[in-house]
Amino acid sequence: NAGVTQTPKFRVLKTGQSMTLLCAQDMNHEYMYWYRQDPGMGLRLIHYSVGEGTTAKGEVPDGYNVSRLKKQNFLLGLESAAPSQTSVYFCASRRTDLYEQYFGPGTRLTVT
Amino acid sequence: SQELEQSPQSLIVQEGKNLTINCTSSKTLYGLYWYKQKYGEGLIFLMMLQKGGEEKSHEKITAKLDEKKQQSSLHITASQPSHAGIYLCGADLARGGAGNMLTFGGGTRLMVKP
């Protein structure tokens, strides 16, 4: 039981490049989330999903897209990376009937 | 997030000492979550509080939500080096939020000196 895994762990992008971050969970959770963490600002919700095939915007969705084609995977895409997207990205998942979110180890992204 | 303020921002205590971290909002906290983050890792769920006046404990950590549901505190008794990390509070600031749109505080960095 791996829990929540994130790929890759580190990435450096140049401005304008695109990339996809992968989040996978093996706990059969319905809900999945993408957050970004910046110094002194805590965690901010980017997008979330309440089930396969569904997505919804969070607090800071601009510049990001997501997809949930399979229940166990939640993808976060950056179509044209900007330096302001330099951050640590966390994925989380939870069961429908419990509020506890399980977090992945994070992806550290630097955009130069 | 400015909607949820944590204090202090950082804390250094001697092993064995007690400490308190606060989480305050001008809005009602419909659900309040405490998480711990070890440096460079993801978050680990500690406790959730929903009712005004509610108090929960796990090992040496006690969390309380005040009666007005606008402030929560996390108290660690007899701190140990294993308690070191970043403590974050997260909250549902909308009634019926169902735990999806959590707002997080900026975090409190705790160091415990042996």
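Just so we're on the same page: letters track the sequence lines, and every chain starts at 1. What you see below is based on every heavy atom in this structure, not just the backbone, and it leaves out hydrogens, waters and symmetry mates.
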Given a strict heavy-atom distance threshold of 4.5 Å, which part of [X] is in contact with chain B: side chain, backbone, both, or neither?
{"X": "A:Lys9", "answer": "neither"}
{"X": "A:Gln37", "answer": "side chain"}
{"X": "A:Val50", "answer": "side chain"}

Under the side-chain contact (heavy atoms from CB on, under 4.5 Å) criterion, do A:Tyr99 and B:Phe45 qualify, and how do the steps go? CA-CA 10 Å; A:Tyr99 291 124; B:Phe45 175 79; over 6 Å; no

For B:Gln6, is it the side chain, the backbone, both or neither that has a heavy atom under 4.5 Å from a heavy atom of chain A? neither

Please classify the contact of B:Leu88 with chain A as side chain, backbone, both or neither, using a heavy-atom distance under 4.5 Å. side chain

Assess whether side-chain contact (heavy atoms from CB on, under 4.5 Å) is satisfied between B:Phe104 and A:Glu59, documenting all intermediate values. CA-CA 11 Å; B:Phe104 281 87; A:Glu59 181 185 353; over 6 Å; no

Counting only heavy atoms from other residues, nucleotides and ligands, does the tally under 6.0 Å from [atom1] of [X] exceed 12?
{"X": "B:Gln9", "atom1": "CD", "result": "no"}
{"X": "A:Glu79", "atom1": "CD", "result": "no"}
{"X": "B:Lys64", "atom1": "NZ", "result": "no"}

Donor-acceptor pair, A:Tyr102 side chain versus B:Ile44 backbone, under 3.5 Å? no

Is [Y] reachable from [X] through a run of I, L, V, M, F, W or Y residues, each pair having side-chain heavy atoms under 4.5 Å apart?
{"X": "A:Tyr89", "Y": "A:Tyr48", "value": "no"}
{"X": "B:Val112", "Y": "B:Leu46", "value": "yes"}
{"X": "A:Tyr35", "Y": "A:Leu109", "value": "no"}
{"X": "A:Tyr33", "Y": "A:Val88", "value": "yes"}
{"X": "A:Leu22", "Y": "A:Ile46", "value": "no"}

Hey, are the side chains of A:Gln101 and B:Tyr35 touching, using non-hydrogen atoms and a 4.5 Å cut-off? yes

Say you draw a straight line from CD of B:Glu41 to CZ of A:Phe103; how long is it, rounded to the nearest 0.5 Å? 13.5 Å

Given the rule in the side-chain contact (heavy atoms from CB on, under 4.5 Å) test, do A:Leu43 and B:Thr103 qualify, once you have shown the distances and angles that lead to the verdict? CA-CA 8 Å; A:Leu43 287 169; B:Thr103 298; over 6 Å; no

